[in-house]
Amino acid sequence: MKWVSKRDLVIIAALLFAALLLLLLHKPKNGTGYEILNGGSVIRSGSLMVEDEFSVNNVTFTVKHSRIAITQAVCPDKTCIRTGFIGSPGQITACLPNGLMVRVIGESGVDAVL
């Protein structure tokens, strides 16, 4: 008794080829801007295209190469600094002791999620 026929192998190969092709053709988009939130309210927003360094509530943010990061903070664990730069739409980083969250905004290019 055969578990897999030639027809099944052809279908599996075609599906794997289509998945590989989609993976190779997918180009992730970079974010176009950022929002800094405090308690759910936007307190500052800007473009990721403009290099900048600024402080909000004892937290220093650096915008460089179309990405943003928390580079200095007055908090005990410094997890927000170790997160590093983010730049894809939907990515978030936060400094919870200071109550700040940074969100990258822009078109994600994702049409569907399976």
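Scope of the values below: all heavy atoms of this structure, side chains included, with no hydrogens, waters or symmetry mates. We number each residue from 1, following the sequence as shown.
- A donor-acceptor contact closer than 3.5 angstrom links the side chains of Glu53 and Thr62.
- In this structure a side-chain-to-backbone donor-acceptor pair under 3.5 Å is present from Arg67 to Phe85.
- Crowding of Lys64 atom NZ: a count of heavy atoms from other residues, nucleotides or ligands under 6.0 Å not exceeding 12.
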Residues Asn98, Cys75; criterion side-chain contact (heavy atoms from CB on, under 4.5 Å); working and verdict: CA-CA 7 Å; Asn98 290 299; Cys75 57; 4.2 Å; yes
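- For the 3.5 Å distance criterion, the side chains of Thr71 and Thr60 fail to qualify, holding no donor opposite an acceptor.
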side-chain contact (heavy atoms from CB on, under 4.5 Å) evaluation trace for Val102 with Ile92: CA-CA 6 Å; Val102 183; Ile92 333 173; 5.9 Å; no
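- Distance alone, capped at 3.5 Å, places no donor-acceptor pair between the Ser41 side chain and the Leu37 backbone.
- In this structure, Leu48 and Val104 have side chains that are in contact, with non-hydrogen atoms separated by less than 4.5 Å.
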Pair Lys6-Leu9, side-chain contact (heavy atoms from CB on, under 4.5 Å): steps then yes or no: CA-CA 5 Å; Lys6 286 184 183 181; Leu9 291 175; 5.5 Å; no
Verdict with reasoning, Tyr34 to Ile86, per side-chain contact (heavy atoms from CB on, under 4.5 Å): CA-CA 10 Å; Tyr34 63 87; Ile86 58 173; over 6 Å; no
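- Side chains of Leu100 and Ile36 form a contact here, defined as non-hydrogen atoms less than 4.5 Å apart.
- Paired with Thr93 under the rule side chain to side chain contact (heavy atoms under 4.5 Å, CB included), one option of Ile81, Ile68, Ile70 passes, and it is Ile70.
- By the salt bridge (charged side-chain N to carboxylate O under 4.0 Å, His left out) test, Glu51 pairs with no residue at all, sequence neighbours left out.
- Residue Arg7 qualifies as open at atom CZ: its count of foreign heavy atoms under 6.0 Å is 12 or below.
- Look at Asp52 and Arg44 and you find a salt bridge, because one of the NZ, NE, NH1 or NH2 atoms lies within 4.0 Å of a carboxylate O, short of that distance.
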